[in-house]
Amino acid sequence: MKIRWIVMDMDGTLLNSQDEITDRTRRALIECERLGIRLILASGRSYVRMQPFARELMMEEYNGAFIEVNGLVLNCLTEGKRTVFAQLEKKDMEELVPFLREQEIEIQFYQDETLRYWIPECRREIKLRERSEKGYPDTHPLAADLWSWVTSNKNNYPNLVEIHSMEELPEHLNKMNCTDTPDKMEHVFRLLKQRFSDRYEIVRTAPRIVEIQPQGISKGKTLRKYMGQEKILPEEVMAFGDGENDVDMFRQVSYGIAMGNAKDYVKKYAFDVTSDHDRDGIAEALVKYGVIDSSFLSGGQEGRCFHG
């Protein structure tokens with residue numbers, strides 16, 4: 001196996017449940033770079049929330065790249081070239097927002113550095129209670145994250161703004177998310193697919209999250225385009241992921257590896273399944289397939305993370 005690129009989702013894949021890269025995974029990936037393998041982060045995040053982790057992995061020094069916002073943007077770090085392929089426009093928001101508000105779920109609106117969010121009144125009390133239980137100040141944003149009703153705000157967007165009307169939205173967005181309980185989002189996901197799948201890309205990225213983007217945009221499509229530009233073959237790429245938005249990446253490469261924490265609907269499309277994101281699943285797979293030496297999974301303290 002001659003791997004030239006390693007492509008990784010971030011939340012639930014590269015990052016553990018504390019939103020960190022474990023020390024072993026970091027060391028394993030930097031060793032891959034030293035061996036001449038290129039790292040590509042493919043995430044629903046924009047570059048603002050990807051850069052701190054890219055610095056940990058020394059990606060700019062080793063010609064790394066970002067596939068941002070689920071394929072909406074290709075960002076070549078060393079060259080400083082960032083290409084935006086599409087965005088949601090005002091007419092899209094006018095079509096989607098009324099329907100989502102009827103479902104009484106939180107709606108999130110993403111730009112590069114700003115996250116705006118709308119909260120249904122039926123969820124405000126539970127959010128206020130959770131914010132208080134976690135000891136956050138009254139000024140702490142009430143936006144949800146992948147795992148909870150109120151984000152920790154760690155490594156989050158610089159600007160989090162609660163909105164109350166359509167007039168507060170910008171002219172263009174990178175994407176929209178909606179979030180609630182896993183059962184509620186399973187129901188909303190089905191409704192969205194029935195009503196809007198001919199006009200938008202709609203995917204489940206976590207049990208609590210459904211993401212909506214312009215049609216024709218996905219991590220996999222942007223990865224395929226980039227592979228073609230750089231003359232990279234499917235058998236030269238290993239891709240890691242845990243969400244439905246990673247499945248299209250798996251289709252583009254020979255070695256699509258699902259994390260142990262991925263749902264079954266993701267695992268069934270994978271070449272293999274590795275350990276979960278809290279147990280160095282990426283590093284484990286790199287050793288299993290001979291990309292790096294097994295010494296990267298021996299010694300050291302389990303779960304210790306790099307904060308440099």
Side-chain angles (χ1 to χ4, degrees), residues 1-16 25 28-29 32 37-45 50 64-75 85 146 175 189 193 197 200-207 209-292:
M1 177 187 295
K2 174 61 176 176
I3 297 298
R4 296 176 63 189
W5 285 9
I6 295 172
V7 187
M8 297 167 287
D9 170 56
M10 295 184 66
D11 296 286
T13 300
L14 173 65
L15 305 179
N16 66 12
T25 294
L29 290 170
C32 289
I37 299 171
R38 189 177 198 184
L39 302 187
I40 299 172
L41 301 185
S43 176
R45 302 182 180 211
M50 300 170 80
F66 294 160
I67 294 174
E68 301 177 34
V69 199
N70 295 322
L72 196 81
V73 180
L74 178 61
N75 190 339
F85 298 113
L146 271 68
K175 66 174 182 176
F189 174 72
K193 293 288 280 188
S197 62
Y200 302 101
E201 299 291 339
I202 302 165
V203 294
R204 293 171 293 180
T205 56
I209 300 287
V210 171
E211 300 196 354
I212 306 169
Q213 291 188 229
Q215 192 172 46
I217 296 294
S218 72
K219 293 183 185 181
K221 289 183 175 67
T222 298
L223 175 60
R224 182 177 62 206
K225 182 182 300 185
Y226 197 27
M227 289 168 60
Q229 290 174 3
E230 300 295 315
K231 296 181 172 54
I232 298 293
L233 301 175
E235 57 266 31
E236 296 175 318
V237 183
M238 184 173 281
F240 293 88
D242 76 306
E244 188 180 25
N245 58 340
D246 300 314
V247 168
D248 196 34
M249 288 203 305
F250 293 169
R251 294 191 179 107
Q252 313 307 324
V253 306
S254 296
Y255 305 105
I257 311 295
M259 305 303 289
N261 49 286
K263 296 297 183 184
D264 289 342
Y265 59 77
V266 176
K267 292 177 180 176
K268 71 180 182 180
Y269 292 101
F271 171 79
D272 197 5
V273 178
T274 188
S275 293
D276 68 40
H277 63 147
D278 285 321
R279 293 178 174 82
D280 297 302
I282 290 177
E284 178 184 280
L286 295 175
V287 169
K288 177 178 179 178
Y289 289 101
V291 181
I292 59 171

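Numbers for residues simply follow the sequence, beginning at 1.
Taking both residues in full, the closest heavy atoms of V7 and A42 are given as CG1-CB, 3.9 Å, listed atom of the first, atom of the second, then distance. The heavy-atom pair separating V237 from I232 by the smallest distance is CG2-CG2, 3.4 Å. Heavy atoms only, all atoms of each residue included: F189 and I202 are closest at CE1-O, 3.7 Å. Heavy-atom minimum distance, G256 versus F250: CA-CD2, 3.5 Å. The shortest heavy-atom contact between G71 and T222 is O-OG1, 2.6 Å. What you find for C32 and I6 is that their closest heavy atoms are SG-CD1, 3.6 Å.
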Problem set entry | Candidate pair W5 and M227, rule side-chain contact (heavy atoms from CB on, under 4.5 Å), full reasoning | CA-CA 9 Å; W5 285 9; M227 289 168 60; 3.6 Å; yes
Exercise. What do the steps show when you test M50 against E68 for side-chain contact (heavy atoms from CB on, under 4.5 Å), and what is the final call?
Worked result: CA-CA 8 Å; M50 300 170 80; E68 301 177 34; 3.8 Å; yes
Exercise. Going through the checks in order, is the salt bridge (charged side-chain N to carboxylate O under 4.0 Å, His left out) test met by R45 and D11?
Worked result: CA-CA 9 Å; R45 302 182 180 211; D11 296 286; 2.6 Å; yes
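Although no hydrogens or angles enter the test, the distance criterion places no donor-acceptor pair under 3.5 Å between the side chain of H277 and the main chain of L14. A distance-only check finds no donor-acceptor pair linking the side chain of K267 to the backbone of N261 [under 3.5 Å]. Remark: side-chain polar atoms of E236 are paired, donor with acceptor, to backbone N or O of L233 under 3.5 angstrom. Side chain of S275 to main chain of G281: no donor-acceptor pair is present (N/O by atom type, distance under 3.5 Å, no hydrogens or angles).
Looking at I3 and Y255, their side chains come closer than 4.5 Å, going by heavy atoms from C-beta outward. Put simply, the side chain of L286 reaches to within 4.5 Å of the side chain of L29, judged on heavy atoms. Side-chain atoms of L72 and F85, non-hydrogen and from C-beta on, never get closer than 4.5 Å to each other. The shortest distance between side-chain heavy atoms of K263 and P207 falls below 4.5 Å. Within the 4.5 Å cutoff, the side chain of V273 has no heavy atoms near those of the I257 side chain.
Between K175 and the choices Q213, E201, E211, the side chain to side chain donor-acceptor pair (under 3.5 Å) rule is met once, by E211. Just one residue in the list N75, D9, I40 forms a side-chain contact (heavy atoms from CB on, under 4.5 Å) with I67, and that residue is I40.
Rounded to the nearest 0.5 Å, atoms OG1 (T13) and CE (M259) are 5.5 Å apart. One distance of note links CE of M10 with OG of S43; it measures 5.5 Å at 0.5 Å rounding. Between the CZ atom of F66 and the CG atom of L39 there is a distance of 10.5 Å, given to the nearest 0.5 Å. Taken to the nearest 0.5 Å, the CZ atom of R279 stands 10.5 Å off from the CD atom of E284. For the atom pair CG (L223) and CG (D248), the distance works out to 9.0 Å, reported to the nearest 0.5 Å. The distance from the CE atom of M249 to the CE atom of M238 is 12.5 Å, given to the nearest 0.5 Å.
If you check the side chains of N245 and T205, you find no donor sitting under 3.5 Å from an acceptor.
At a threshold of 4.0 Å, the pair K288-D272 counts as salt-bridged, since one of the basic side-chain nitrogens sits closer than that to a carboxylate oxygen. Looking at K219 and D246, a side-chain N of the basic residue comes within less than 4.0 Å of a carboxylate O on the acidic one, giving a salt bridge.
Aromatic ring orientation, Y289 versus F271: tilted (interplanar angle from 30° to 60°).
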